[in-house]
Amino acid sequence: EYDPCRSLRQLKDSGIALNETNALQVMKVVSEVLGYFARENITHNLISENSILIGLHNRPRVANIAAYEATQEFDQATEMAQLGSILAGMIPVNEQALGVRNLALSLAARETTFPDWPALAAAVTAPLWAELEALLAERLRALTLEDLLKRAAQAGLRRPVTEPLHFVI
């Protein structure tokens, strides 16, 4: 199935940058793919701007970089640094709410390291979970029992018994 995509190189050459959310998604997808390659011992070429693709609805993909023989030798730390370098060049300096650019820069400089790809994927999703948790906590704090009862009545929910409840202790 053909899925129109543009590589990060093509986007960069067109002057299109990634926002932090898209960059996090790219980092997560690349981490999952390369984690799979590491787990299954699949020989592959070093990730590049041309091998990371952005498809419809900004969905990241990775081009087939599996190879019988890699064009160069590299280790996981080098590959993580390469990913950081690629993404740091795609995220505008003013995008700093989630700290993705700083993570990418520290990966590129090898200041931040992870023992494996799943650990990087977990670190990448942490800001998203924290943001989601904060949003949910804020909405729940504003929600009252009266709000819930009004919503239930508007939805047509009624108590199963219309008689008043009597408790005897």
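Only this structure's heavy atoms are used, side chains among them; waters, hydrogens and symmetry mates stay out.
- Closest approach of D147 to A142, counting heavy atoms only: OD2-O, 3.6 Å.
- Shown here is E40, whose CD atom has more than 12 heavy atoms of other residues, nucleotides or ligands within 6.0 Å.
- Partners of F37 by ring pair (Phe, Tyr, Trp, His ring centres under 6.0 Å), not counting sequence neighbours, listed by chain and number: H44.
- Annotation for K12 and G89: closest pair CE-O, 3.9 Å, computed over non-hydrogen atoms.
- Using a 4.5 Å cut-off between side-chain heavy atoms of Ile, Leu, Val, Met, Phe, Trp and Tyr, with links allowed through other members, L120 and V62 fall into the same hydrophobic cluster.
- The two atoms that bring A67 and N45 nearest to each other are CB-ND2, 3.9 Å, heavy atoms only.
- Note that CG of L24 and OG1 of T125 are 9.0 Å apart. Values are rounded to the nearest 0.5 Å.
- With I86 as reference, E49 is the one residue of M27, R9, E49 to meet the side-chain contact (heavy atoms from CB on, under 4.5 Å) rule.
- Taking 4.5 Å as the limit, every side-chain heavy atom of R61 sits out of range of all side-chain heavy atoms of V29.
- Annotation: the span from M80 atom CE to D75 atom CG amounts to 10.0 Å, rounded to 0.5 Å.
- When all heavy atoms of C5 and Q10 are compared, the pair lying nearest together is O-OE1, 4.2 Å.
- Separating the CE atom in M90 from the CD1 atom in I54 is a distance of 7.5 Å, to the nearest 0.5 Å.
- Side chain of E69 to main chain of T43: no donor-acceptor pair is present (N/O by atom type, distance under 3.5 Å, no hydrogens or angles).
- Proximity of L34 to I65: side-chain heavy atoms (C-beta onward) are separated by under 4.5 Å at one or more points.
- Within 6.0 Å of the CZ atom in R151, the count of heavy atoms belonging to other residues, nucleotides or ligands does not exceed 12.
- Note on I16 and V100: same hydrophobic cluster, where clusters join Ile, Leu, Val, Met, Phe, Trp and Tyr whose side-chain heavy atoms are under 4.5 Å apart, directly or indirectly.
- Considering every non-hydrogen atom in both A88 and A104, the closest pair reads N-CB, 3.7 Å.
- Under a 3.5 Å cut-off, the side chain of R101 and the backbone N or O of I91 do form a donor-acceptor pair.
- To the nearest 0.5 Å, atoms CD1 (I52) and CG (L87) are separated by 5.5 Å.
- Summarising the geometry of I47 relative to L83, their closest heavy-atom pair is CG2-N, 4.3 Å, with the distance given to 0.1 Å.
- In terms of modelled atom types and a separation under 3.5 Å, the side chain of S48 and the main chain of N50 share a donor-acceptor contact.
- Between L18 and L8 the shortest side-chain heavy-atom distance falls below 4.5 Å.
- Expressed to the nearest 0.5 Å, how far CH2 of W117 lies from CD of E79 amounts to 5.0 Å.
- Linking ILVMFWY residues whenever their side-chain heavy atoms come closer than 4.5 Å, directly or via other members, leaves L105 and V26 in distinct clusters.
- Residue Q72 places its CD atom among more than 12 non-hydrogen atoms of other residues, nucleotides or ligands, all under 6.0 Å distant.
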